[in-house]
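A, B, ... follow the sequence lines: proteins, then strands. Residue 1 opens every chain. Since this is a predicted model, take the numbers as computed values, not measurements.
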Amino acid sequence: MSKFTFLKSDRSNIQLVLITGTFLITISILDVFLNSFFRLNLISFLPSKVSFLTPFIIGMIGLNLIRIEFSGNRFLDTLNKNINTSNFNAALTLLIIFVIFKAIPPSLSWMILDANISGDTKEACTGTGACWTYIKVWFRRFMYGMYPNEQHWRINTAFLLVIGLGTFGLFATEKMKKFLALYYVVIYPIIAFLIIYYLISGGYFGLEWIETGAWGGLSLTFIVSFFCLIFCFPLGMILALGRRSNLPAVRYISIGYIEFWRGVPLITVLFMSSVMFPMFLPEDFFMDKLVRVIIAITLFEGAYCAEVIRGGLQSLPRGQYDAAKSLGMGYWKMHIFVILPQALKLVIPGICNTFLALVKDTPLIFVVGLAELAGMLALAKTNPKWLGFAMEGYIFAAIIFWIICYAMSKYSYNLEEKYKTDR
Amino acid sequence: MSEAIIKIQNMNKWFGDFQVLKDINLEVEKNKKIVVCGPSGSGKSTLIRCINRLEEHQKGSIVVDGTELSENTKNIEQIRAEVGMVFQQFNLFPHLSILDNCTLAPIWVRKMPKKQAQELAMQQLEKVQISDQAQKFPGQLSGGQQQRCAIARALCMEPKIMLFDEPTSALDPEMIKEVLDAMVNLAKGGMTMIVVTHEMGFAKEVADEVIFMDEGMIVEKAETKEFFANPKSERTKLFLSQIL
C-alpha cells in the first residue's frame, strides 16, 4: 500500500488534505447547487453519464481526505464524528444533500414563485405553479362547512368559550384543585356539549336552527375529535381496570368489548352507526347523526385506549400494589392515588399516539355524509367551476393536520417532562 | 400484657401444588418483638405477608387484634390499617414527595385533616431523621433514606403491629446500620414487631423471641438468649453455625 501513502490523511499533512478536501467537496456541492437552482452544468464538457456521477465521486474523495482522527480542529472532529464516520455514511450524507438541492427548486417554484393568490376565480390562476386563489375562495367552506356565512360567529364564540373553560385548571386555587379531575372528566364535557349544542346547533334563544348536516370543515374536525378524545379516555381507563379485575364477569365483559371493537374496521362501525343503528331504535326516538358518529368513534377508540392504559398498569411492580394495600387502602383508593397516577404517566406517549390516530381518523366520517376538512376538500375539488386543484387542497389539509398533530405531540412531551419525578 | 394480638392456628398455604407453609401455629403477645429467620425459600416472607393478607392462606385461621382474616374485605382493610409493613424493596410511591408518601394513607384511610397528617408525618420523619428530605422525591434519596421513609410512612398510620420483610436485604452495608438504628428505636418505644431478617446482631439486641423456619415449618421457637445459647434442633445449629 506504500504507493498510496500520499493519499493517506493524518495530522502531518493536515493543511494539504484539508485544503484539497474542502475544495473538492465545495466543487461537488456547488456543481449540484448550480445545476438544480440555475440549470448550469459546470462539467458539461464530459459525457452525460460521467457528468452525472462526477459531483458524487469528487465529494466522496473530498470527504475521504478530510477524515482525520483527532485532528485537533473542533469543527472537523464534530463533522467526522457525526456525518463522516465511514465511506458509507459519507455517501449517505452527500446523497441527502443532493436530494435536498434537487427537491427545493421545483417545490419552491410551484408553491411560491410561480403560484397565484390574487383574484377570486379560476381564471386568475395564470401561472404554472399552485393556485392558492382556490384555497382563499374556499377558505370559509374549509373552516365552517356549509354553515351559513352570517352565522359563523356562533361557531367562533362556542369554540372560544370551550377553550376558555378548558383553561380553568390553570387558575384553580389550592382548594379547588381537589375537584379538577371531576371537573375535567364529568362537568367540562357536559358544559362543552351544552355550549356546542345550544350555540352552534341553535333553535333556542332566537338563534336559527342549523342541522348538523350543514356543519363541516375544520370546525367539525375539532368538534368530533374533541368529544371523542374526552370521552374515550375515561372509557378506556374503566375498560383497562375491568380487564384486570378479579371479578370474572367484569373481566370477561371487558375482554369481549375490547376484542370486539379492535376487531372491526372503523369504517364499518361508522356505516353501522348511521345506517343500521336507527333501525333498532323506537320510531319516535331520534338521535342526531353527528351524535351517533361521535358515540361510534368513542366506543371504537376506547378499546384502543384501554389496551394502552393496561400496558401501563402491567408495567408497575407488584410492590406498589402491596404497599398501597398494606396501608389499608381499598381497591378504588389504591388505584386513584397510587396506581393510576403512575400508570397514566407511563402511557402518555402511547395515549398521544392513539389520540393522533383518532384525529387523523376523523376524515372517515365523510362516508356517512359529514364533511369535515378532508370531506370539504373532496366536495370542493369536484365543483365544476374549480376542477383540477386537488393538489393545492390536499397540501393545505396536510399542513393543517400537521399543525394540529404536532401541537398535540409537543403538548404530550411537555406533560411527560412535567410529571417526571424520578430524578 | 400477656394477651395475644396475633393468633395463628394450623395455618397452611399452597402456591399451586407446592406447600409453602405447613401447620403454622404462632401466638404473638402485645409489645413483643419477634425475629423470624431461616434459609431462603423457607416461607418466612410468606408467613408475614399472610398476617396482613397480602397472601391468602387456604387452611387454618389467623386472628389479628381480635378479628379473623377472611374473605370480608372491610375487615381486611381495617386490619391492614392497624398493621404496618416495611418491604425489602421499600416500595415508596415514586410519584409522590416523601411528605405526601407519609400523609397519603392517614388522609384518605384514617380521614385525618391534611394539616394534622402533615404534622404527624413530620414527627415520624423526625424520628427516623429524614425530616430535611420531606420535599424530595423517593428517586432522589439513597436506599437507606428510602427505607427509613418507608418505616415512617407505615408509622404514620399509628399501627398496633409492625411487620418487617427483610428490611435491610436490599441495602448497601453502610446503610444497613441507619435502618437498624431506626428499628431499634422503634422497638424501644414498645411497638409489637415481627421482623424477618438475617441480621442476627439486631435479633440479639431487641428480640424477645426468635423463630427459625425451614421448609415451611416452624422448626424452633425460643427466647432469644436460649435460641442462640442452646439451639435444640440440629437444623437450627447448622444454620446458626453458617450465619454467625
Side-chain angles (χ1 to χ4, degrees), chain A residues 172-182 237 241 244-250 309 312-349 351 414-423, chain B residues 45 48-49 51-56 71 73-98 100-111 114 136-141 149-150 153-159 161-165 170:
Chain A
T173 56
E174 203 56 41
K175 221 172 183 174
M176 284 140 78
K177 283 245 159 77
K178 270 194 263 183
F179 304 105
L180 270 190
L182 179 76
M237 210 148 76
L241 291 178
R244 287 168 59 81
S245 167
N246 289 327
L247 310 169
V250 177
I309 296 174
L313 290 173
Q314 260 164 355
S315 66
L316 287 190
R318 188 181 168 202
Q320 292 292 316
Y321 291 87
D322 285 348
K325 281 183 200 163
S326 78
L327 289 166
M329 294 189 191
Y331 180 86
W332 290 110
K333 280 176 192 161
M334 173 171 81
H335 276 94
I336 291 172
F337 298 118
V338 177
I339 304 301
L340 280 176
Q342 294 184 61
L344 294 182
K345 192 168 76 185
L346 286 171
V347 299
I348 289 173
I351 287 287
N414 284 350
L415 280 185
E416 269 176 72
E417 275 307 305
K418 186 172 159 195
Y419 293 118
K420 201 149 112 190
T421 53
D422 42 341
R423 234 165 266 274
Chain B
S45 291
I48 70 165
R49 287 168 65 86
I51 294 174
N52 64 358
R53 210 178 170 82
L54 290 179
E55 303 284 355
E56 279 175 40
E71 293 292 329
T73 28
K74 266 272 152 317
N75 277 351
I76 292 169
E77 280 166 30
Q78 218 165 15
I79 288 169
R80 282 175 181 161
E82 302 300 334
V83 181
M85 183 150 186
V86 176
F87 300 87
Q88 183 177 358
Q89 298 295 345
F90 330 134
N91 296 345
L92 293 177
F93 306 135
H95 62 300
L96 298 175
S97 69
I98 296 302
D100 290 339
N101 261 283
C102 294
T103 55
L104 184 67
I107 291 174
W108 294 101
V109 179
R110 287 263 192 256
K111 313 275 179 225
K114 195 173 175 186
K136 287 193 183 166
F137 285 94
Q140 298 166 312
L141 266 53
C149 169
R153 176 178 72 179
L155 290 176
C156 282
M157 288 294 284
E158 297 178 320
I161 305 164
M162 284 286 284
L163 307 174
F164 292 83
D165 186 1

Atom CD1 in B:Ile161, atom CD1 in B:Ile48: separation rounded to 0.5 Å? 11.5 Å
Spacing of A:Leu344 atom CG and A:Leu313 atom CG [to the nearest 0.5 Å]: 7.5 Å
Region of B:Val109 in contact with chain A, defined by heavy-atom distances below 4.5 Å: both
Under a 4.5 Å heavy-atom cut-off, does chain A meet the side chain of B:Leu92, its backbone, both or neither? backbone
Residue list, salt bridge (Lys or Arg N to Asp or Glu O under 4.0 Å) with A:Arg244, at least two apart or on another chain: none
Just jot down the side chain to side chain contact (heavy atoms under 4.5 Å, CB included) partners of A:Gln320, sequence neighbours excluded, or say none. A:Pro317, A:Val338, A:Ile339, A:Gln342, B:Phe93, B:Pro94
Most heavy-atom pairs under 4.5 angstrom with chain A, which of B:Glu77, B:Arg110, B:Gln88? B:Glu77
Proximal component of A:Lys325, with respect to chain B [non-hydrogen, under 4.5 Å]: both
